[in-house]
Amino acid sequence: GAGVSQTPSNKVTEKGKYVELRCDPISGHTALYWYRQSLGQGPEFLIYFQGTGAADDSGLPNDRFFAVRPEGSVSTLKIQRTERGDSAVYLCASSSDIRVKTEAFFGQGTRLTVV
Amino acid sequence: KQEVTQIPAALSVPEGENLVLNCSFTDSAIYNLQWFRQDPGKGLTSLLLIQSSQREQTSGRLNASLDKSSGRSTLYIAASQPGDSATYLCAVQGGNYQLIWGAGTKLIIKP
């Protein structure tokens, strides 16, 4: 596609439920990042992938969060037993190669609200 | 630990004025610095990327400078327009490839 696509754009879920957030990166981009942005703050790093593998997952807040990228393209961020504190905008970005100093392109984000 | 600070947090100026947004970072060992624009309810749009070896980048009415040694970057916007109203974020990329972000400057251009 022309840009990074994230679905859904909005998600409202009840506390304790499981959610999946999807990211379609720019075609051919090997690096993919997930960030989380709370209201009034800058994004915070969660995880990045180089190809299919998670090169750095140090930003995942706890073991309720997990992300996959099985074929090196689409990625899914999975959150188990959601809590109200998980409410935020989840942003996905891709770049051509994280080992090269290239810019990252962001999707429009998924706004997650846990009620 | 890298920390990025943006000042001011909010800025309101009349249309047509030139303005400067500031970004500072604590660790000068960066690969690059990016300025982004974020509109309400929308994603992030990359405006300018400055590599660590560069001093500035220009795109249209925007000019971004980088002084690695002092840990500072500025985004200069010339002849501001109401359409420039948005939140502007800067982010630095270090050796672990993560982007570390400031909290942003919310800019309002008054017609």
Side-chain angles (χ1 to χ4, degrees), chain A residues 2-10 21 23-26 29-51 53-60 88-111 113, chain B residues 1-10 21-26 29-54 57 59 62 64 66 68 73 86-106:
Chain A
V4 179
S5 176
Q6 291 187 247
T7 53
S9 56
N10 281 285
L21 311 179
C23 173
D24 281 88
I26 292 173
H29 278 189
T30 57
L32 185 146
Y33 313 76
W34 283 98
Y35 290 84
R36 178 170 72 171
Q37 185 177 25
S38 299
L39 190 64
Q41 298 180 19
E44 293 178 311
F45 169 80
L46 295 176
I47 186 172
Y48 77 66
F49 291 86
Q50 177 63 22
D56 183 349
D57 64 357
S58 62
L60 294 177
V89 176
Y90 289 80
L91 295 162
C92 176
S94 70
S95 65
S96 58
D97 191 333
I98 59 170
R99 294 165 295 185
V100 181
K101 303 167 191 177
T102 56
E103 69 180 291
F105 295 87
F106 282 78
Q108 82 284 7
T110 293
R111 181 175 298 278
T113 304
Chain B
K1 178 184 174 184
Q2 179 74 272
E3 292 183 1
V4 180
T5 303
Q6 290 187 247
I7 295 174
L21 307 181
N22 297 291
C23 173
S24 61
F25 48 95
T26 55
I30 63 171
Y31 280 166
N32 59 52
L33 182 146
Q34 280 186 257
W35 281 94
F36 291 86
R37 168 183 174 143
Q38 187 169 38
D39 294 277
K42 297 187 178 180
L44 293 156
T45 301
S46 178
L47 299 173
L48 290 164
L49 179 146
I50 311 176
Q51 303 288 4
S52 60
S53 59
Q54 297 174 323
Q57 283 286 333
S59 176
L62 305 179
L66 174 63
K68 255 185 44 171
S73 176
T87 296
Y88 290 80
L89 294 136
C90 74
V92 298
Q93 187 173 43
N96 61 4
Y97 302 112
Q98 299 174 19
L99 286 172
I100 308 298
W101 300 76
T105 294
K106 184 175 181 179

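The chains referred to below are lettered A, B, ... by the order of the sequence lines, with proteins before strands, and numbering in each begins at 1. Remember, it's a predicted structure, so these values are computed and weren't measured experimentally.
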Would you compute the distance between atom [atom1] of [X] and atom [atom2] of [Y] and round it to the nearest 0.5 angstrom?
| X | Y | atom1 | atom2 | answer |
| --- | --- | --- | --- | --- |
| A/Ser95 | B/Leu49 | OG | CG | 10.5 Å |
| A/Gln37 | B/Leu44 | CD | CG | 6.0 Å |
| B/Asp39 | A/Gln108 | CG | CD | 13.0 Å |

- Atom of A/Ala104, atom of B/Ser46 and distance for their closest heavy-atom approach: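 Between these two residues, the closest heavy atoms are O-CB, 4.3 Å.
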- B/Leu89 and A/Gly42: which non-hydrogen atoms are nearest, and at how many Å?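 Here B/Leu89 and A/Gly42 meet closest at CD2-CA, 4.0 Å.
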Contact origin within [X] toward chain B - heavy atom pairs under 4.5 Å:
| X | value |
| --- | --- |
| A/Gln6 | neither |
| A/Tyr35 | side chain |
| A/Ser58 | side chain |

- Interchain contact, B/Gln38 with chain A, by part (heavy-atom threshold 4.5 Å):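 Interface part for B/Gln38: side chain.
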- Query: Strictly under 6.0 Å, is that where the ring centroids of A/Phe106 and B/Trp101 end up?
  - Reply: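 Yes - the distance between ring centres of A/Phe106 and B/Trp101 falls below the 6.0 Å cut-off.
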